[in-house]
Amino acid sequence: MSSAIPYLPDDFEDNNPSAAPIDQEISQNHFAEQPIWSEQIPQYEDQHEDTPEVETITTDQNTIQDQHQHQGQEGAQSGRLTEAELKKLIPERFTNKYQLTIKLLGIEKNKIGNPILRFDATIKGLPRYRQNKYKDIRRTYNEVVKFNRYLTVSNLEVFIPVIPSATTSYPSGGEDETKQLIYVWQEWFNRITSNPILIRDDEFIYFIENDFGYSVINTQRKTNVASGLVRKTLKQLAVPYDPYEELADFRPLIKAAYLTCQKLHKLLDKSSKTQKQLSISIFDLSNKLGVLSQFENLHPGMKNMWEKLSKIVQINSDLDLIESINEMGSLGDGVQALIDDFYEIKEALTNRHLIMRELIQAETQTQAKHLQATKIKNKSALDPIKVDEAIRSLEYATKAEESLNLQVKRISGEMLFEKDEIISFTEHKFQRLLKTYTLNKIEYHRKILKHLENIRLDVRIVDERGGLSRLNRDNLSNLKHNLLQSQSASGDSWSSRTFRSLKQEEEEREQRLEQQEEEEDQDDTKLSTDKTVIDAKNAANLLGVATF
């Protein structure tokens, strides 16, 4: 309880003549005692208490700190949460015995925008599950969207990752889109299953164990955070005082990253559209070069060169079109996913501010109930009905305040954990996106250079001087034709070093996945051999498995 006046129901005088006599005299100065909340919430020492700067704190600073401790929400949340308090508020963060793993097997085609996800689930330590392993679970995209929406509503303390899109910037149904979808979906499953609070949610049991055609079971759970026009209005108000500096600075950081990624996505989209227009212009150039070869009747070498050049330019036009798609697929889609994530994180932090504002209102209401009770107490004749109503309203306001106080503390503690996780995840994701984008660009330019090198011989054999005499450079001697390709599997002859390619990256990734699968299979075989003996626990587990 964080109000400045304690709730003392015994402070009301009973003037009912039919009541039992009072044995002890009721003290008249209970409301002048020290508030209860100052005893319940421990005071936290500063990390630099031994330093000279803290020892020479002025009286004014001490006075300001005391004022913070006795002012509404500032008093409710003064200091930092200790590890003991975090263990009580967020016990899920301090245990490793619960684990849930989801492995995506594939994506089946279905209606447009609603594919079917096939995955396996492995359970470790979580109660109420009937099996340890679930194979070939099938969920449509719309079903996962409903599940994700439920997680967002019922877990206000968690930064719920945004569900990936059902389509990508790559051509629909192609190999590139399939690889991209499998990667982003597996990434999303890893994120939600790595959160210890989400895997303890009861709805996860129904999501895993239900048959095909899943729907949210706990539909009665509703968020108590304002929405719609009320939310927009409250967001215009000043942000309430936040004693956690990390979270106070985190929301502006997320908002700045959100706006920056939006600008980056717009620039990428504009660049992709410009490159598509460029590919159309290059294709038009290839057609004109083909027409030019028809007018070359005097020199057969020149006619052949113009024809070959026209084909190479047409190939470059196709490469430009493919590159414009790869830009949005490799970097644009990833940036858009970060934009959606940042928006949801920003809204989750806004929900925390709204709940903090509700706590301030609850504290104000509790103080008003205290004042009302004090007025009733000071009357010469007490009405038993009004006394009961005052006590009930005061108890209700006190419980609501305590509930909101604990909710704000739990949300703040969990968000302090997830803040570092979000920053780390964003850094790794950006590194991966930029790496893929860079390798795509390098591969694109190498392909262009390789195709241009294919027509070097056609240019050189136009005349004895390597075709350069046609450019009024007749004073050159005969040139030797060095026609070795600069771009080969062994490396780049321009830089004399080997290069990294997307193909090598994918091969290495597949090898790592195969090694992990082999290790998991070995572990499963060990577990199966260990469970050959049917004891009471294994028998109960087998009986709990559905066989129909």
Side-chain angles (χ1 to χ4, degrees), residues 89-108 114-164 166 182 184-225 340-341 344-345 347-348 351 407 410-411 413-415 417-418 421-422 425 520 524 540-541 544-546:
L89 295 170
I90 319 171
E92 299 90 348
R93 284 285 178 180
F94 297 91
T95 180
N96 295 323
K97 63 180 181 179
Y98 304 116
Q99 187 177 358
L100 193 152
T101 306
I102 293 180
K103 181 180 179 181
L104 185 64
L105 301 178
I107 300 177
E108 299 178 0
N114 190 27
I116 299 175
L117 306 178
R118 291 177 50 252
F119 55 90
D120 293 343
T122 304
I123 314 298
K124 179 182 177 183
L126 290 170
R128 298 182 58 189
Y129 284 90
R130 295 180 296 176
Q131 299 176 216
N132 293 329
K133 284 193 174 182
Y134 297 86
K135 294 186 177 181
D136 200 17
I137 304 171
R138 299 170 74 244
R139 296 285 179 264
T140 63
Y141 176 78
N142 292 336
E143 293 171 359
V144 183
V145 168
K146 295 177 183 177
F147 176 65
N148 185 76
R149 189 180 299 116
Y150 163 82
L151 293 178
T152 306
V153 169
S154 60
N155 298 276
L156 298 178
E157 66 272 25
V158 180
F159 296 139
I160 306 296
V162 177
I163 190 170
I182 290 177
V184 296
W185 276 103
Q186 184 62 60
E187 182 183 63
W188 182 79
F189 279 128
N190 292 341
R191 292 181 67 185
I192 63 171
T193 54
S194 63
N195 189 285
I197 294 179
L198 295 182
I199 62 175
R200 296 296 304 274
D201 197 302
D202 293 339
E203 190 63 30
F204 234 122
I205 301 175
Y206 307 123
F207 180 75
I208 296 295
E209 293 189 343
N210 271 26
D211 296 332
F212 186 70
Y214 159 82
S215 60
V216 178
I217 305 299
N218 297 316
T219 55
Q220 70 276 7
R221 292 193 182 181
K222 302 293 183 182
T223 178
N224 57 350
V225 182
D340 298 336
D341 263 346
E344 291 298 328
I345 294 171
E347 291 302 307
N351 290 339
Q407 187 178 12
R410 176 177 168 85
I411 291 175
E414 175 61 21
M415 286 186 175
F417 278 102
E418 296 198 13
E421 296 176 357
I422 289 296
F425 169 76
E520 290 178 358
D524 295 339
N541 187 17
V545 177

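Reckoned from all heavy atoms, side chains included, excluding hydrogens, waters and symmetry mates.
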Within the distance-only criterion (no hydrogens, no angle test), does the side chain of [X] pair as donor or acceptor with the backbone N or O of [Y] below 3.5 angstrom?
X	Y	value
Glu414	Val158	no
Gln131	Ile123	no
Asp341	Pro161	no
Glu209	Arg130	yes
Trp185	Leu104	no
Arg410	Leu89	yes
Glu92	Arg200	no
Asn148	Val144	no

**OP:** Walk me through it: do Asn195 and Phe159 pass the test side chain to side chain contact (heavy atoms under 4.5 Å, CB included)?
**Re:** CA-CA 10 Å; Asn195 189 285; Phe159 296 139; over 6 Å; no
Original post:
Between Arg93 and Glu421, does a salt bridge (Lys or Arg N to Asp or Glu O under 4.0 Å) hold up when you go through it step by step?
Top reply: CA-CA 13 Å; Arg93 284 285 178 180; Glu421 296 176 357; 2.8 Å; yes
Measure the spacing between [atom1] of [X] and [atom2] of [Y] and express it to the nearest 0.5 Å.
X	Y	atom1	atom2	result
Glu344	Ile160	CD	CD1	9.0 Å
Asn218	Ser154	CG	OG	8.0 Å
Asp201	Ile197	CG	CD1	10.0 Å
Asn114	Thr140	CG	OG1	4.5 Å
Ile192	Glu187	CD1	CD	12.0 Å

Quick check: do [X] and [Y] have side-chain heavy atoms less than 4.5 Å from each other?
X	Y	answer
Thr193	Thr101	no
Ile137	Leu117	no
Glu143	Lys146	no
Leu156	Gln407	yes
Asp202	Arg128	yes

Original post:
Quick one: is the NZ or CZ of Arg139 closer than 6.0 Å to the six-membered ring centre of Phe207, and within 45° of its axis?
Top reply: yes
**OP:** Can you see which heavy atom on Pro127 is nearest to which on Ile205, and at what distance?
**Re:** O-CD1, 4.1 Å
**OP:** Check Leu100 against Tyr129 and note the closest heavy-atom contact, atom names and distance.
**Re:** CD1-OH, 3.6 Å
Original post:
Under 6.0 Å between the ring centres of Phe147 and Phe204?
Top reply: yes
Original post:
Can you check whether Tyr206 and Tyr214 have ring centres sitting under 6.0 Å from each other?
Top reply: no
**OP:** Carefully, step by step, assess Arg138 and Asp211 under the rule salt bridge (Lys or Arg N to Asp or Glu O under 4.0 Å).
**Re:** CA-CA 8 Å; Arg138 299 170 74 244; Asp211 296 332; over 6 Å; no
**OP:** Answer yes if the side chains of Asn351 and Glu347 hold a donor-acceptor pair under 3.5 Å, and no otherwise.
**Re:** no
Subject >> Short N-O contact, Asp136 and Arg118, less than 4.0 angstrom >> reply: yes
